[in-house]
Amino acid sequence: MATLLEDIKKQSVWTVKALKSDGIEMDYSIGSLIEIDRFIQKHTKDGQPIKGGRLAKGYGGKIFSIGSYIWETLIKNVPDSKWVTDDNDPHGEVNVEVNLADGTRCWPIQKLMKRIQNGLEDGIYPYGVSVTNKKADEKYDGEFWKIESEVKPMEPK
């Protein structure tokens, strides 16, 4: 049986491949987190996956996979950061934590769940920029806020 950390690494790679099949290129840059927000905007509505959308089946596993990508991105952009996992925690997939080099603590899956529930006000990209501010060499892209007008939730199938 794989450890939680092994699953995180595997599912991060799965997310890159899955989104590529939708024509979305992911490169572990902070800027790529905008694509996660676009994806969530398209495939959820009112805090729920849209019927027939990419999150409708296997929702929990997909949330874990997308969350794994998000925080692998933070770790890759902030040197000396690390995952903190507990394979004995029955809720370990939700409670997985990232500790950034400056002591900032993040809970990737919980943050992603808040994004889905609350919409763009809990955007992944702005959060990624804020927690990596002064640690990653990337400027904030104001294009993020266009997601609301440019990306509409898909119609249920």
Side-chain angles (χ1 to χ4, degrees), residues 3-19 22 24 26-50 53-56 58-87 89-148 151 153:
T3 67
L4 194 50
L5 186 57
E6 290 167 338
D7 286 343
I8 288 166
K9 303 280 187 186
K10 178 181 169 188
Q11 293 312 116
S12 175
V13 171
W14 178 89
T15 299
V16 172
K17 291 177 183 175
L19 291 177
D22 283 354
I24 303 169
M26 304 302 288
D27 62 4
Y28 293 99
S29 67
I30 299 300
S32 73
L33 298 178
I34 289 176
E35 297 306 323
I36 298 294
D37 280 304
R38 287 182 198 281
F39 181 83
I40 297 300
Q41 189 76 8
K42 181 177 180 180
H43 294 281
T44 65
K45 186 173 183 177
D46 300 325
Q48 298 295 317
I50 295 173
R54 297 279 272 138
L55 296 173
Y59 181 69
K62 289 177 182 172
I63 295 306
F64 178 77
S65 297
I66 294 167
S68 295
Y69 172 84
I70 293 166
W71 270 258
E72 275 291 291
T73 298
L74 293 181
I75 286 174
K76 288 177 187 282
N77 284 277
V78 181
D80 300 320
S81 298
K82 64 180 182 171
W83 284 101
V84 177
T85 60
D86 181 354
D87 290 324
D89 180 352
H91 304 288
E93 292 89 356
V94 174
N95 294 330
V96 67
E97 181 180 327
V98 171
N99 289 342
L100 301 178
D102 68 354
T104 300
R105 298 170 63 196
C106 309
W107 291 268
I109 308 306
Q110 293 175 27
K111 178 60 181 170
L112 181 57
M113 292 165 58
K114 283 180 75 174
R115 163 57 178 97
I116 291 167
Q117 187 64 41
N118 299 330
L120 288 173
E121 71 185 58
D122 271 314
I124 297 301
Y125 172 72
Y127 182 75
V129 170
S130 72
V131 299
T132 61
N133 188 23
K134 298 181 186 164
K135 299 165 205 77
D137 188 27
E138 192 154 342
K139 295 190 186 310
Y140 185 80
D141 184 350
E143 295 292 308
F144 168 79
W145 294 107
K146 291 184 179 180
I147 291 172
E148 190 166 31
V151 181

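Just so we're clear, the structure is a prediction, and the values are computed from it rather than from any experiment.
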Worksheet item: Are Leu74 and Val131 side-chain neighbours, meaning at least one heavy-atom pair lies under 4.5 Å?
Response: yes
Fill in: Any residue meeting side-chain contact (heavy atoms from CB on, under 4.5 Å) with Asp122, in chain and number order, not counting sequence neighbours
Lys111, Lys114, Asn118
Fill in: Main-chain N/O of Leu5 paired to Asp87 side chain as donor or acceptor, under 3.5 Å
no
Discussion item. Quick one, Asp89 and Val94 - any side-chain contact, counting heavy atoms below 4.5 Å?
Written reply: no
Worksheet, complete the sentence: Between Ser81 and Ala101, the two heavy atoms sitting closest are OG-N, 3.3 Å
Worksheet item: Run the side chain to side chain contact (heavy atoms under 4.5 Å, CB included) check on Asp22 and Phe39 step by step: do they pass?
Response: CA-CA 10 Å; Asp22 283 354; Phe39 181 83; 3.7 Å; yes
Fill in: From Ile40 atom CD1 to Leu120 atom CG, the distance as rounded to the nearest 0.5 Å
10.5 Å
Practice prompt. Taking the side chain as every heavy atom from C-beta outward, state whether Phe144 and Leu33 have any atom pair closer than 4.5 Å.
Written response: no
Practice prompt. For side chain to side chain contact (heavy atoms under 4.5 Å, CB included), just list the numbers for Ile36 and Leu19, CA-CA rounded to whole Å, side-chain angles, deciding distance to a tenth of an Å, and then say yes or no.
Written response: CA-CA 9 Å; Ile36 298 294; Leu19 291 177; 3.9 Å; yes
Discussion item. With rounding to the nearest 0.5 angstrom, report the OG1 to CD distance, Thr85 to Glu97.
Written reply: 10.0 Å
Worksheet item: Roughly how far, to the nearest 0.5 Å, is the CG atom of Asp86 from the OG1 atom of Thr3?
Response: 11.5 Å
Worksheet item: To the nearest 0.5 Å, how far apart are CG in Asp80 and CG in Asp102?
Response: 11.0 Å
Discussion item. Measuring from atom CE of Met26 to atom CD1 of Ile70, what distance do you get when rounded to the nearest 0.5 angstrom?
Written reply: 8.5 Å
Fill in: Residue Gln110 excluded, over 12 heavy atoms near CD under 6.0 Å
yes
Worksheet item: Mind checking whether Tyr69 and Ile124 have side chains closer than 4.5 Å, heavy atoms only?
Response: no
Fill in: Close side-chain approach of Glu93 and Ile109, heavy atoms under 4.5 Å
no
Fill in: With sequence neighbours excluded, residues passing side-chain contact (heavy atoms from CB on, under 4.5 Å) with Gln48
none
Worksheet entry | Contacts of Lys146 that satisfy salt bridge (charged side-chain N to carboxylate O under 4.0 Å, His left out) - sequence neighbours left out | Glu143
Practice prompt. Please lay out, stage by stage, how Ile66 and Leu112 fare under the test side chain to side chain contact (heavy atoms under 4.5 Å, CB included).
Written response: CA-CA 8 Å; Ile66 294 167; Leu112 181 57; 3.7 Å; yes
Worksheet item: Applying salt bridge (Lys or Arg N to Asp or Glu O under 4.0 Å), which residue pairs with at least one partner in residues 64-73 are found, sequence neighbours left out?
Response: Lys9-Glu72
Item to complete: For Arg54 and Ala18, indicate whether the former's side chain and the latter's backbone hold a donor-acceptor pair under 3.5 Å.
Response: yes
Fill in: Test item: Val78 and Thr104 side chains (from C-beta on) under 4.5 Å apart, heavy atoms
no
Worksheet item: With sequence neighbours left out, which residue pairs that include part of residues 36-50 fulfil the salt bridge (Lys or Arg N to Asp or Glu O under 4.0 Å) condition?
Response: Glu35-Arg38, Asp37-Arg115, Arg38-Glu150
Worksheet item: Of all residues at least two apart in sequence or in a different chain, which pass the side-chain contact (heavy atoms from CB on, under 4.5 Å) check with Ser65?
Response: Gln11, Trp14, Thr15
Worksheet item: Taking all atoms of both residues into account, what is the closest heavy-atom pair of Pro108 and Trp83, and its distance?
Response: CG-CZ3, 3.6 Å
Discussion item. Restricting to non-hydrogen atoms, name the atom on Ser29 and the atom on Ser32 that form the minimum distance, rounded to 0.1 Å.
Written reply: O-OG, 2.6 Å
Practice prompt. Taking all heavy atoms of Gly31 and all of Tyr125, pick out the closest pair and write down the distance.
Written response: CA-CE1, 3.9 Å
Item to complete: Test Thr73 against Ile30 for side chain to side chain contact (heavy atoms under 4.5 Å, CB included), laying out the working first.
Response: CA-CA 7 Å; Thr73 298; Ile30 299 300; 4.2 Å; yes
